[in-house]
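Remarks on the structure that follows.
Worth knowing before you read on, the calculation uses all heavy atoms, side chains too, and leaves out hydrogens, waters and symmetry mates. In what follows, every chain begins at residue 1, and chains take the letters A, B, ... in the order their sequences are listed.
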Amino acid sequence: MFGTKKKLKEKIIARLSPEFPVGPAEVELTSTPDQKLGDLAMSIAFPLSRKLKTNPQAIAAKLAELLAHLEGVERIEVAGNGYINLYLDRKQFFIEKFSNLKKTWLEPEEQKIIVEHTNINPNKAAHVGHLRNACLGDSLVRCLHYKGEKVEVQNYIDDTGVQVVEVVFGLMELEKKSLSELDRIPGKFDYYCWDLYTKVSRYLAENPEAQARKSVILKKIEQGLSPEADFAYQVSRRILRAHLATMKRLDIGYDVLPCESSILRLKFWEKAFEQLKKRGAVQLSKEGESAGCWVMKLDDNPEKEKIIVRSDGTVTYVAKDIAYQMWKFGLLGQDFYYEPFIEENGRTVWISSAEPTPYQVHFGAGSKVYNVIDVRQSYLQKIVVQGLKSLGYLEQADKSIHFSYEMVALSPGSLAEIKAELSAEDKDKAFLEVSGRKGLGIRADDLLDRLEKKALGEVDKRNPELPLPNRQKIARQIASASVRYFMLKYARNSLLVFDFDEALNFEGETGPYLQYTAVRIRSIFRKFEERFKASYQDFINHINPEKIDLNSLQTAEARDFWELVIYASGLDEEVLRSVVSLEFGGLAKFTFNLCQKFNSYYHHYPVLAEKDAKLRTLRLMTIYFVHERLCQALDLMGIQVPEKM
RNA sequence: GCGCCCGUAGCUCAGUUGGAUAGAGCGGCUGACUACGAAUCAGCAGGCCGCAGGUUCGAGCCCUGCCGGGCGCACCA
């Protein structure tokens, strides 16, 4: 559809521009509210009527006359009080789309795009809030790939921050563990730390004097002194492995894991600081509350200033982030060293190192950067961008995108299910924010386990003849699809109140519904091969699309066929819209609607049972067409199609 | 106090730079499995789009004010 519109638009402008003041900005082809009103609509007559001070209907009639006999357009009508509706040449359209199923009209625009997502503090298990981040980020990556962009996926690891420090504090001071005992802690280490982290938070709240001991540990970790730094290293690496394993369950992967410890040891900040000072982007505050600190003034509010370097010379989180952001754009004049961390499906995931390594790989230096971070960080992200601006990197500041989304909260029902202990104040709220510190959260692996268990039960009922490993694989695919669709279907600005009943539903607008639709189409393909003793793919490849006869279709079927075809052709546009708006709800909705339309079609028109060979072939082509588009859409959402369901 | 976001059906949410008759899912009520798989489909009920003004050919969408809710505004990350 994207390609069709693009071509049509050019032709329309060529026809109209000699007589009317119209250009690419004015001519907009939109869909009609009803198929009866045509396939594409233009509302250009309305703005023109204002400019030319005549009534819109008269202008529309004139325009329609100029547009008569456009290639690919069967007829044009003026409708309503001035809409111009285009009816496409259906056969030509279908043949073109059918013959170019693997092709996209979208084109890459950037040299290299960096997408940073997941970014979980390596001190506890991943929870549902992190899943939203990773699912959004991964779908963006997939859509950018589809568009033809070169993409690098980064997952930033804050392995020296206070969150890790608190777990180290817990291990050393509360649990009295030695470094060698760490490896021997049984079970899921990320779960162990989940509990330990809340225990430490409570301890620190009750024993304020312990803060000093914690600060000592923090300093030692930042300076790389043992054994504290070794503890932090062990803890963060082991939990990082757990996080990557969790994300792998959702088919989410990464190219590189830049670590804060590397940023500190390679002195990235010092390089950034020099540039900032030279440019006057930061000033040494002489008076007031911030005396002795290096601060950055805010563009939109000169009264306010943000502290970048503390009076004791240590750097804040934003400072490190500015340096990191500069590195992403290749503005630091320095790179990390790298070593392989793990291998996933034949893809190496690299991790940063402060020491030279034998590996000649390089990351960063993107032309555009997306940071997938929740909305609460908007203020800090703005400061990071301002840092780039005040250094004179205007283009980079412009292409430094904060992909923000609202947080995940828990419904009262969900809180009851995890047996959360709530304060009197929290009990009255309609929902509660996920909090690792309080231990309030649904762990990602717990959710996936529950979904898999439920899915396996359903698969067992329907496909008892399948071997257990197959059924388990299907259950995993269903659980993953369920989570991914759930995380994508909401607009990113809307607060997601997590509820088990909704998340565990496999019916209606859910991931499994989409999978089920694809499975049923494939089931027809399989039956075709059994019945006709021929490869379905070969059959499709040998069809001559020119020979199809759409006029032989009954009125209702012609309508339903066309609706399905034209809707399925909207994928390219939907992907582009997702990438531009960073909203994936539209893509999710598109896929769901496509499935609904197909399921309805499927109930009305038998395919294999159809006696008329020509009609059967046309229906086979139709469902093949839908299947291809559907699978592309599913892949963009990271949803796999099970062999059976 | 300042800034950002949200308010649409009983519930959870869509609504494509302002466009034609505001849509889904869940829940409720009717129906449809000897069929290419019922994790499905067909249908019914359910709406002062928070409230009040304004802008215009046209407003759920834009502007102003108000009401209700959330999140930011640290020498925390």
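At the heavy-atom level, A:Val165 lies nowhere under 4.0 Å from the strands shown.
The partner of B:A38 is absent, by the rule that a Watson-Crick or G-U pair needs both atom distances under 3.5 Å. B:G58 is unpaired under the criterion used here, namely a Watson-Crick or G-U wobble arrangement in which both key atom distances are under 3.5 Å. Using the Watson-Crick or G-U wobble rule with both distances under 3.5 Å, B:C33 pairs with nothing in any strand shown. In a base pair of the Watson-Crick type (N1 to N3 plus N6-O4 or O6-N4) or a G-U wobble (N1-O2 and O6-N3), with each distance short of 3.5 Å, B:C71 is matched with B:G3. Base pairing of B:A24: its partner is B:U12, meeting the Watson-Crick or G-U wobble criterion (both donor-acceptor distances under 3.5 Å).
Between B:A39 and A:Arg462, a contact under 4.0 Å exists linking OP1 or OP2 to a side-chain N or O. The side chain of A:Lys527 contributes an N or O atom lying less than 4.0 Å from OP1 or OP2 of B:G37. In this structure, A:Tyr513 reaches the B:C41 phosphate: one of its side-chain N or O atoms is under 4.0 Å from OP1 or OP2. Under 4.0 angstrom from either OP1 or OP2 of B:A74 there lies no side-chain N or O belonging to A:Thr316.
Spacing of C1' atoms, B:G60 relative to B:G50, comes out at 12 Å, to the nearest Å. Nucleotides B:G28 and B:A9 have their C1' atoms positioned 13 Å apart, rounded to a whole Å. Across B:C41 and B:C26, the matching P atoms stand 9 Å from one another, rounded to whole Å. On the C1' atoms, B:A52 is 15 Å away from B:G68, given to the nearest whole Å. A gap of 15 Å separates the P atoms of B:G15 and B:G23, to the nearest Å. Rounded to whole Å, the C1' atom of B:U40 lies 10 Å from the corresponding atom of B:C33. Between B:C57 and B:C44, the two P atoms lie 38 Å apart (nearest whole Å).
For the pair A:Arg132 and A:Tyr405, the cation-pi test (distance below 6.0 Å, angle within 45°) is failed.
Considering only side-chain atoms of A:Ser31, the nucleotide from B:U16, B:A39, B:A77 that sits closest is B:U16. Of the candidates B:C26, B:A77, B:G19, the closest approach to any side-chain atom of A:Glu507 belongs to B:C26.
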- prompt: Stepwise, does the ring-ring contact (aromatic ring centres under 6.0 Å, His included) test hold for A:His117 with A:Phe403?
  reply: CA-CA 9 Å; A:His117 68 76; A:Phe403 179 172; 9.5 Å; no
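Here the side chain of A:Arg484 pairs a donor or acceptor atom with the backbone of A:Met637 at under 3.5 angstrom.
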